[in-house]
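Notes for the one structure printed next.
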Amino acid sequence: MANNPIKAVKGVKDILPADATLWREVERRARAQFARFGFKEIVLPIFEKTEVFVKGVGEETDIVQKEMYTFQDQGGESLTLRPEGTASCVRAFIEHSMYHPPGTITKLYYFGPMFRRERPQAGRFRQFYQIGAELFGALEPEADAEAIHLLWLFIQSINIKGPRLYLNSLGCDTCRPPFRAALVNFLTARKERLCETCQGRYQRNPLRVFDCKAQGCQQVMTEAPTIDKHYCPDCQAHFDRVKKGLEALAIPYELNSRMVRGLDYYNRTVFEVTAEGLGSQNSIAGGGRYDDLIKNSGGPAVPAIGFALGVERLLESIGTPLEFSPGHPDVFIVYMEAAADEAFRIAGRLRRTGIAVEKAFKPASLKNQMGKADKSGARFALIIGEEELATRTAILKNLKNSTQQPIPLANLEESLTGLLTS
RNA sequence: GUGAGUGUAGCUCAGCUGGUAGAGCAAUGGGUUGUGGCUCCAUUGGUCGCGGGUUCAAUCCCCGUCACUCACCCCA
């Protein structure tokens, strides 16, 4: 053991081969589900100009205020490792004029790492992976319902344990200010009963007090005015149709008028999915509508809705194991020292024809090699010792049913290909 | 940023009120001079996170430090 081995950065994990297979299976199923809804993949850069996130995510958010990995490049420009995907996606949407012609619907999804400098915890990492989707150009509540449907079906497809969908509407610029004023009013009158952090923020961001877990704040908030009594007619109608849509699609949801999302850009529909088996951070997905973000980011007034899932959390909350083939070798070559050169050449020949071959670089005992062959999951062991070398005929052992047969070395490629495809 | 808990073999963990360490799994060899999954035997493998202190003696007690974990904040 080395004295001071270099370790990975805090909060950052290696995804080892044993986990990577499951990881990729989840990704594969996500792609399949997105494709069914007509979403196309967009591969975004993992760093952007800092202002993309400051303006996109919101200056008041925790993400921008204390969690971003920001650095200056040699040209003096401030760059940031992306803490989330929507801001980048919106930047790309505008940059490539995807809103043309007017009325265009654009459906995008992405998959990749995000970076936030938080204290690591169960289900929380400094580099974590998100699967995200964004739907641009639709104001209709049916878009909200379809986006949630997509999310819900994907969650079903990977056997998530105990998923629960929480739904709320945050209203819009018309109904939010009066509600906000009412809330600030309410809180000011009860300022003494709030916790320290809430006393500090209730004027700037009164909605956050809903999320506070302090006893005093919780009690106060049970009587607080909620947004659902303040919707303007348009928002009320929109939310009603979203709910109707979810019911038509048989998606179970729970209303939570106290749900507030941590990003500033949301309006109207917001939602969150929690699952079992996760510890304290039990939210596996979250999203909502952001009808003003594109305009505020310098683009046209295009409405949008999106969501993101946290891959590490998904993996932790998978119930019944997913079935998939982990990729075993076709043939494991077991050989003796005398046949080392021949085994090496045969491996080369077989691999050139596309057969998956595994073999030791240095032969251990036959027992050992057979054990490795078994563990590798290979279908066949190809055994080559001195006798086989002399007769130019190897032994092919089927590891699944323990039968074996002699097989001439001359046309191994053909005979093996035949056996493997049968 | 705050708080708590844990650091002993590659992995999962024992180790009583201080006497410098053990099991299971894994690995390697053997029982079958050339055949895996089961079984049996043997072997390899440890600066007991790091630094200091108390003591005749510290894995164990004390202090510091680092790392990991969980929780708060907040989020995926």
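Quick note on labels: first sequence line is chain A, next is B, and so on, each numbered from 1.
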Just checking [X]: base, sugar-phosphate only, or nothing, at a heavy-atom cut-off of under 4.0 Å?
| X | result |
| --- | --- |
| A:E118 | base |
| A:E386 | base |
| A:I284 | sugar-phosphate |

Can you tell me how far [atom2] of [N] sits from [atom1] of [X], to the nearest Å?
| X | N | atom1 | atom2 | value |
| --- | --- | --- | --- | --- |
| A:R126 | B:rA67 | CZ | C1' | 13 Å |
| A:N368 | B:rU33 | CG | P | 16 Å |
| A:W23 | B:rA76 | CH2 | P | 16 Å |

Among [options], which is the nearest nucleotide to the side chain of [X]?
| X | options | answer |
| --- | --- | --- |
| A:R313 | B:rA76, B:rG29, B:rG3 | B:rA76 |
| A:S280 | B:rC72, B:rG37, B:rG34 | B:rC72 |
| A:K367 | B:rG36, B:rA76, B:rU69 | B:rG36 |

**Point-to-point distance, once rounded to the nearest 0.5 Å, from CG of A:L416 to CZ of A:R379** = 10.0 Å
**Item:** Residue A:E323 excluded, over 12 heavy atoms near CD under 6.0 Å
**Value:** no
**Asked** Is the A:F39 ring parallel, tilted or perpendicular to the A:F34 ring (thresholds 30°, 60°)?
**Response** tilted
**Asked** B:rC68 and B:rU8: how far apart are their C1' atoms, nearest whole angstrom?
**Response** 15 Å
